[in-house]
Number of protein chains: 2
Amino acid sequence: MPLDRSIVLKAALEQLDEVGLDEFSTRKLAAALGVRVGALYWHYASKQALLDAIAEHIAADATAVPLPDGNWAEQLAAIAQALRDAMLAHTDGARVIACMSAPGPMARAFFERLVTVLREAGLDAVTAASAGDVLTSYVNGFTVEEQARGIRRQSRAERDRLFGFGVSVVIGGLRPLVGG
Amino acid sequence: MPLDRSIVLKAALEQLDEVGLDEFSTRKLAAALGVRVGALYWHYASKQALLDAIAEHIAADATAVPLPDGNWAEQLAAIAQALRDAMLAHTDGARVIACMSAPGPMARAFFERLVTVLREAGLDAVTAASAGDVLTSYVNGFTVEEQARGIRRQSRAERDRLFGFGVSVVIGGLRPLVGG
DNA sequence: ACCTGAACACCGTTCAAGT
DNA sequence: ACCTGAACACCGTTCAAGT
């Protein structure tokens with residue numbers, strides 16, 4: 001049977017998990033699929049297009065977890081956790097997100113859900129977008145660092161604790177902005 | 001005259017500024033220095049070692065700006081600004097910092113100054129280290145995003161405003177933790 | 001429509017040998 | 001001590017030609 005975009009994407013995710021972003025190559029991917037390199041370029045325009053598809057996959061995972069009942073702070077914490085989890089699920093996932101060429105539909109959907117929670121908490125459109133940016137910048141910065149260096153320096157429990165602390169600081173900083 | 005580490009580093013910074021991290025190559029660097037590729041490996045063990053030296057240079061710049069008189073919040077804001085400025089001073093500077101293999105002496109000195117401000121504000125050692133991590137994670141996440149995609153989407157003034165907002169949110173979140 | 005074959009223009013790294 | 005020459009083992013991308 002012929003390849004298609006989803007088969008290539010699945011194999012790409014497996015290769016990323018095995019070798020990491022630095023060793024990720026279209027040639028190895030072609031070999032894993034039992035095909036010549038050129039064949040990949042029928043399905044994806046470039047290596048970056050493939051990495052963008054991986055980023056979208058991660059963004060979709062981060063958006064798939066249901067919002068908990070509860071107040072805006074609890075929902076924000078759940079969204080932050082979901083984003084980190086989705087990136088940690090793949091080797092160098094945070095760097096793939098950080099290096100994507102442009103946010104695709106899934107990345108925008110993720111951000112929109114985040115902004116919706118903030119708007120429902122009482123923020124105006126501009127402030128909600130800014131607040132959403134603060135939270136995602138923090139989560140991305142934390143997780144890029146975590147995957148690049150933290151994994152061998154701290155236990156998972158310590159990293160979870162540090163992340164939870166950071167999320168609570170950001171949420172605490174947003175609290176005075178919401179009415180009530 | 002023969003090459004030395006500082007000459008190679010200076011040329012590397014110039015090449016990074018011109019072509020960005022993705023196009024940065026030891027072979028182009030050798031050509032710019034009028035030397036064969038192998039010559040670079042006498043001075044730096046690998047391309048990554050060279051990028052680590054660039055990261056240290058950026059960290060040194062970020063630590064070089066004097067602390068303003070004022071309270072801990074003003075000093076924290078100045079440190080955050082200094083870090084962002086030092087990364088923005090070079091093409092893909094934030095990604096070079098994010099991808100460094102380990103924090104060198106300059107990166108540790110930067111972090112220590114940050115932690116010192118937080119300790120003087122009244123935080124205990126563990127909380128100060130955690131709070132320092134929150135601020136640097138936010139600044140790194142923001143600036144990686146800014147250099148990867150923001151430069152063509154928003155004006156410098158808009159990005160400055162957004163960054164200032166984020167810093168004030170993080171500082172606001174830390175405020176309840178400091179005594180007084 | 002989808003893939004092969006083969007090429008093009010690159011990479012990072014190593015190391016004997018030169019000076 | 002510092003660099004050359006030359007190789008090794010790779011890259012991403014393109015594209016005529018095949019099926």
Side-chain angles (χ1 to χ4, degrees), chain A residues 1-57 90-92 95-102 104 148, chain B residues 1-57 90-92 95-102 104 148:
Chain A
M1 64 200 164
L3 256 41
D4 66 23
R5 284 175 64 90
S6 72
I7 292 172
V8 175
L9 175 57
K10 185 160 175 282
L13 272 164
E14 279 163 15
Q15 209 214 180
L16 179 68
D17 287 344
E18 278 167 29
V19 304
L21 186 55
D22 290 335
E23 315 294 334
F24 181 88
S25 92
T26 58
R27 297 187 97 105
K28 281 179 205 153
L29 181 55
L33 286 164
V35 102
R36 306 280 168 161
V37 221
L40 299 180
Y41 288 81
W42 178 263
H43 301 283
Y44 288 94
S46 65
K47 179 184 179 180
Q48 186 57 53
L50 199 37
L51 291 172
D52 287 348
I54 293 178
E56 279 283 279
H57 177 93
H90 299 285
T91 310
D92 295 326
R95 249 165 77 202
V96 173
I97 290 284
C99 295
M100 70 190 173
S101 55
Chain B
M1 63 198 167
L3 255 41
D4 66 22
R5 284 175 66 89
S6 72
I7 292 172
V8 174
L9 175 58
K10 186 160 174 281
L13 271 165
E14 279 163 14
Q15 208 213 182
L16 179 67
D17 288 344
E18 277 167 30
V19 304
L21 185 55
D22 291 335
E23 314 294 334
F24 182 88
S25 93
T26 58
R27 298 187 97 104
K28 282 179 205 152
L29 181 55
L33 286 164
V35 103
R36 307 278 169 164
V37 221
L40 299 180
Y41 288 80
W42 178 263
H43 301 282
Y44 288 94
S46 65
K47 179 183 179 180
Q48 187 57 53
L50 198 38
L51 292 172
D52 286 348
I54 293 179
E56 280 284 278
H57 177 93
H90 299 285
T91 310
D92 295 325
R95 249 166 76 203
V96 172
I97 290 284
C99 295
M100 70 190 174
S101 55

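These values consider heavy atoms only, across backbone and side chains, with no hydrogens, waters or symmetry-generated copies. Reminder, nothing fancy here: chain letters follow the sequence lines and each chain counts from 1.
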Name all residues meeting the side chain to side chain contact (heavy atoms under 4.5 Å, CB included) criterion together with [X]; count only those two or more places apart in sequence or in a different chain, and write none if there are none.
| X | answer |
| --- | --- |
| A/R27 | A/S25, A/V37 |
| A/D17 | A/H90, A/T91 |
| B/R5 | B/H43, B/Y44 |
| B/A55 | B/V96, B/I97, B/M100 |

| remark: Secondary structure of DNA chain C per the Watson-Crick/G-U criterion (both distances under 3.5 Å; [ ] crossing, | other strand, . unpaired) is ||.|||||...|||||.||
| said: Quick check: do B/D92 and B/D22 have side-chain heavy atoms less than 4.5 Å from each other? | reply: no
| So, do B/L3 and B/W42 sit near enough that their side-chain heavy atoms are less than 4.5 Å apart? | no
| query | First and last nucleotide of DNA chain C in contact with chain A, 5' to 3', at under 4.0 Å to a heavy atom: what are they? | reply | C/dA1 to C/dA7
| said: Using the salt bridge (charged side-chain N to carboxylate O under 4.0 Å, His left out) criterion, which residues pair with A/D4? Sequence neighbours excluded. | reply: none
| Test salt bridge (charged side-chain N to carboxylate O under 4.0 Å, His left out) applied to A/K10 - qualifying residues, sequence neighbours left out | A/E14
| task | Could you check which residues of residues 7-15 of chain B get a heavy atom under 4.0 Å from DNA chain C? Sort them by number, please. | result | none
| field | Sorted by number, the residues of residues 40-54 of chain A with heavy-atom contact under 4.0 Å to DNA chain D | value | A/Y41, A/S46, A/K47
| request: Go through residues 16-26 of chain A and report each residue with a non-hydrogen atom lying under 4.0 Å from DNA chain D, sorted by number. | output: A/F24, A/S25, A/T26
| request: Could you check whether A/V35 gets within reach of a base, just the sugar-phosphate, or nothing at all, counting any heavy atom under 4.0 Å? | output: sugar-phosphate
| said: Using a heavy-atom cut-off of 4.0 Å across all strands, would you classify A/R27 as base, sugar-phosphate, or nothing? | reply: base
| note | The residue, B/G38 or A/A39, whose nearest nucleotide of DNA chain C is more 5′ is A/A39
| request: Just grab all the salt bridge (Lys or Arg N to Asp or Glu O under 4.0 Å) pairs involving residues 39-57 of chain B, residues at least two apart or on different chains. | output: none
| query | Taking the same atom, P, in D/dA9 and in C/dC10, what whole-Å distance lies between them? | reply | 22 Å
| field | Minimum heavy-atom distance between B/E23 and B/Q15, given as atom pair plus value | value | O-OE1, 4.4 Å
